[in-house]
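In the text below, chain A, chain B and the rest are named by the order of the sequence lines, each starting its count at 1. Every heavy atom of this structure was used, including side-chain atoms; hydrogens, water molecules and symmetry mates were not.
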Amino acid sequence: MTDSAPITSDVRVRIAPSPTGPLHIGTARTALFNFLFARHVGGTFVLRLEDTDVARSSLAYEKDILDGLHWLGLTWDEGPGVAGEEARGPYGPYRQMERLPRYAEAADRLRAADRAYPCFCTADELEAERKRLEAAKLPPRYSGRCARLTEAERAAFVAEGRWAALRFRVGEGVVAFDDMIRGRVEIDVANIGGDYVIVRGDGTPLYHFTVVIDDAAMRITHVIRGEDHLSNTPKHILLFQALGEEIPRFAHLPLILNPDRTKMSKRKSQTAIGDYISEGFIREGLVNYLALLGWSTGTEEELLGLEELCARFELEAVHKGGAVFDRERLEWLNGQWIRRLTPGALVERLQPFLEAERVAGRIDRAPSEDEILALVPLVQERLPVLGAIGDLAGFLFVDRLEIDPALLTPKRWDTATTRSGLVAAREVIAAAGSVAFEADELEPPLRALAEARGWKAGDLFMAIRVAVTGRTATPPLFDTLVALGPERTLARLEAAIALLPDDPT
RNA sequence: GCCGCAUUCGUCUAGAGGCCCAGGACACCGCCCUCUCAAGGCGGAGAUCACCGGUUCGAAUCCGGUAUGCGGUACCA
């Protein structure tokens with residue numbers, strides 16, 4: 001499969017998630033686009049964990065992210081060691097907290113070259129300054145108060161016990177770059193807010209700093225990330241230059257949006273990949289859908305597997321505008337892929353969902369593999385998500401069926417007709433079943449019964465359906481009866497009949 | 001506020017000067033199939049291509065402006 005794709009190009013891309021939350025839809029899409037780009041050109045796909053926000057990072061999130069990417073089939077060529085395994089790749093470690101000495105070395109270098117300087121301003125001072133600017137209707141910007149401190153003044157602050165953050169000197173000029181998706185972007189550094197902090201007072205490095213050092217150290221050639229980083233790009237370019245590193249190419253992907261067109265967020269949308277997995281979206285559907293959010297082949301084809309996506313993906317064909325996440329379309333695509341699964345594969349994927357139904361107490365026993373296999377023809381085209389299996393076929397695995405008596409009587413029937421219909425049906429089914437309990441043996445006599453009594457076959461069937469399943473929407477009736485087996489079919493008919501008054505007045 | 005990016009049916013998108021009074025898909029509506037639900041087939045409705053000016057014989061496509069939206073503007077990532 002794709003995880004053993006040969007490396008035939010110098011292209012190196014990365015996905016750099018921060019383990020401060022479960023794998024997010026947007027991160028997954030960015031990872032997918034990086035992966036597709038790498039595979040398309042025969043490049044290398046690197047995974048790096050940006051865990052410098054120690055307070056919010058956790059191992060549980062890290063695991064969720066790694067598992068999620070694996071589940072999607074986005075295997076990386078280089079990345080951190082997990083579960084006792086060695087890290088893979090020549091540019092490790094791939095966790096930023098294990099790379100601290102490298103950031104310290106780079107910080108020293110910038111400091112020595114006077115491209116960065118210690119800033120002794122306190123949070124309160126900075127806050128006051130920001131307020132002053134805001135009141136004067138000026139853009140927030142660091143004044144540069146500490147930029148020209150003499151060594152003596154610095155020593156005085158240190159003696160005072162103040163801790164210094166390290167600020168990068170921004171200088172003047174215009175930073176320009178050719179975004180692979182948006183074309184030329186030019187930003188005057190006067191607008192990026194002044195000299196910015198690259199190392200905190202406590203000595204830990206900040207994102208804008210680590211991302212540049214690592215992208216350079218890991219020889220990343222193309223930075224493919226979300227549009228929310230577009231405005232930050234000049235900060236990165238300035239650092240690449242100051243460090244004497246080659247500047248990678250940039251490609252900023254359009255954002256995935258909430259229905260109200262704001263950046264997709266946990267508050268307004270379901271963003272955790274894990275939640276989609278537990279609902280029963282399958283990787284083929286999710287990958288296909290995500291790939292089409294912001295990209296298209298340029299043709300009218302839209303059912304594309306990972307292999308095909310790798311072959312066809314073009315970064316230049318990515319859209320510029322944000323895309324609203326459309327769950328209905330995802331469900332449709334997911335259903336398409338479920339229908340394309342082989343029976344064996346569907347059985348395998350259904351098993352955990354049936355087991356979950358059992359654990360939740362919605363069914364009394366989880367069916368065997370063979371039982372599920374027999375079910376596949378009845379359910380395969382009726383599952384938008386695997387999790388729908390409980391609603392669709394759960395009645396087969398419950399010991400005591402709950403029936404809403406109100407549903408038992410078909411729309412055009414009264415309870416007396418329903419009762420006699422079910423009584424007669426029970427006889428017919430018992431008789432037919434004694435020959436062979438098969439769909440072909442059951443249907444003709446029941447149709448004949450309806451005709452003899454002047455009933456619409458559909459009404460009779462509906463009464464039977466509700467009697468044996470408790471539902472008005474089920475897989476085809478006769479296949480359902482067969483799946484249920486003769487004993488349970490007859491017992492359920494009996495129980496349903498008992499629910500109907502035998503002398504309605 | 002400032003800076004940046006964006007703007008084609010409700011949604012995802014095709015479209016790179018004439019093939020477009022704009023094509024496909026999801027959703028929606030109708031019909032067919034049909035024991036229900038799906039699936040599938042057929043058809044329908046749905047976009048004055050944000051707006052205004054320009055360039056051109058001709059613009060959704062090129063240029064300028066405006067509007068709106070979003071993003072960024074942290075000792076978060």
Side-chain angles (χ1 to χ4, degrees), chain A residues 16-18 20-21 50-53 55-57 119 121-123 126-127 130 133-134 136-141 163-167 179 181-182 185-188 190-194 196-202 204-208 210-211 226-235 252 254-255 257 259-263 289 292-303 319-333 335 339 378-384 392 410 443 446-447 450 456-462 464-466 469 471-478 480:
Chain A
S18 177
T20 52
E50 308 217 324
D51 54 356
T52 52
D53 188 341
R56 293 195 298 144
S57 294
C119 170
C121 296
T122 64
L126 292 171
E127 176 66 18
R130 201 171 9 252
L133 287 166
E134 203 176 316
K137 294 206 163 186
L138 289 166
R141 174 172 222 290
W163 282 14
L166 193 65
R167 275 188 195 271
D179 190 280
I181 294 169
R182 283 147 219 285
V185 177
E186 296 185 358
I187 296 176
D188 192 321
N191 293 315
I192 66 179
Y196 51 94
V197 175
I198 55 177
V199 180
R200 294 184 180 92
D202 69 3
T204 55
L206 256 12
Y207 168 76
H208 293 308
T210 59
V211 74
E227 193 197 331
D228 42 355
H229 284 297
L230 191 62
S231 304
N232 292 147
T233 303
K235 290 184 182 174
H252 288 93
L255 261 21
L257 275 21
D260 65 3
R261 303 201 75 89
T262 52
K263 179 165 118 178
Y289 178 71
L292 260 22
L293 258 194
W295 174 77
S296 82
T297 58
T299 69
E300 280 168 6
E301 300 150 274
E302 45 190 4
L303 247 75
H319 268 258
K320 298 180 175 78
V324 173
F325 189 86
D326 181 359
R327 193 200 157 89
E328 306 229 54
R329 196 170 147 82
L330 167 61
E331 276 191 19
W332 173 77
L333 219 36
R339 270 164 242 144
L378 316 198
V379 301
Q380 189 156 25
E381 65 192 28
R382 282 168 241 270
L383 292 170
L392 229 186
E443 183 167 356
L446 284 167
R447 280 194 187 277
K456 286 203 162 211
D459 291 332
L460 209 218
F461 296 169
M462 183 53 85
I464 300 171
R465 166 177 293 111
V466 175
T469 69
R471 313 187 144 263
T472 54
T474 69
L477 182 61
F478 306 103
T480 302

Check: Could you run down nucleotides 29-47 of chain B 5' to 3' and tag each one B, S or - for protein heavy-atom contact under 4.0 Å?
Finding: ------BBBBSS-------
Next item on the list: Give the B/S/- string for nucleotides 65-77 of chain B, one per nucleotide from 5' to 3', where a protein heavy atom under 4.0 Å of the base yields B, of only the sugar-phosphate yields S, and otherwise -.
Entry: -----SBS--BBB
Rounded to whole Å, please give me the gap between [atom1] in [X] and [atom2] in [N].
X	N	atom1	atom2	result
A/Leu292	B/G24	CG	C1'	11 Å
A/Glu302	B/G24	CD	P	12 Å
A/Lys137	B/G1	NZ	P	8 Å
A/Asp326	B/C12	CG	C1'	7 Å
A/Leu303	B/G24	CG	C1'	13 Å
A/Lys320	B/U13	NZ	P	13 Å

Next item on the list: Check whether any side-chain N or O of A/Ser296 sits under 3.5 Å from a backbone N or O of A/Leu292 as a donor-acceptor pair, and report yes or no.
Entry: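 Answer holds: no.
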Looking only at atom [atom1], what distance separates [N] and [M], rounded to whole Å?
N	M	atom1	answer
B/C21	B/U48	P	15 Å
B/A77	B/G71	C1'	15 Å
B/A27	B/G64	C1'	38 Å

Do the side chains of [Y] and [X] get nearer than 4.5 Å, heavy atoms only?
X	Y	result
A/Arg471	A/Thr474	yes
A/Glu134	A/Pro140	no
A/Leu293	A/Trp295	no

Check: More 5' along RNA chain B: A/Thr299 or A/Pro139, using each one's nearest nucleotide?
Finding: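 The residue whose closest nucleotide sits nearer the 5' end is A/Pro139.
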Check: Under the side-chain hydrogen bond (donor to acceptor under 3.5 Å, both in side chains) test, which residues partner A/Glu443, sequence neighbours left out?
Finding: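 Result, side-chain hydrogen bond (donor to acceptor under 3.5 Å, both in side chains) vs A/Glu443: A/Arg447.
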Next item on the list: Quick one: list whatever passes side-chain hydrogen bond (donor to acceptor under 3.5 Å, both in side chains) with A/Ser231, sequence neighbours left out.
Entry: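 In terms of side-chain hydrogen bond (donor to acceptor under 3.5 Å, both in side chains), with neighbours along the sequence ignored, A/Ser231 is linked to no residue.
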Notebook entry, point to check: Can you name the residues that form a ring-ring contact (aromatic ring centres under 6.0 Å, His included) with A/Phe325, not counting sequence neighbours?
Noted result: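 By the ring-ring contact (aromatic ring centres under 6.0 Å, His included) rule, A/Phe325 matches A/Tyr276, A/Tyr289.
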Check: Across the strands shown, which category fits A/Gly335 at heavy-atom distances under 4.0 angstrom: base, sugar-phosphate, nothing?
Finding: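 Nothing, no heavy atom under 4.0 Å.
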Margin query: Which residues pass the side chain to side chain contact (heavy atoms under 4.5 Å, CB included) test with A/Ala165, not counting sequence neighbours?
Written below: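 If we apply the side chain to side chain contact (heavy atoms under 4.5 Å, CB included) test to A/Ala165, skipping adjacent residues, the hits are A/Val197.
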Note to self: Using a strict threshold of under 4.0 Å (side-chain N to carboxylate O), is an ion pair present between A/Lys263 and A/Glu227?
What the structure shows: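 Salt bridge absent between A/Glu227 and A/Lys263.
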Check: If only side-chain N and O atoms of A/His319 are considered, is one of them under 4.0 Å from the OP1 or OP2 phosphate oxygen of B/A6?
Finding: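 Negative; the distance criterion is not met.
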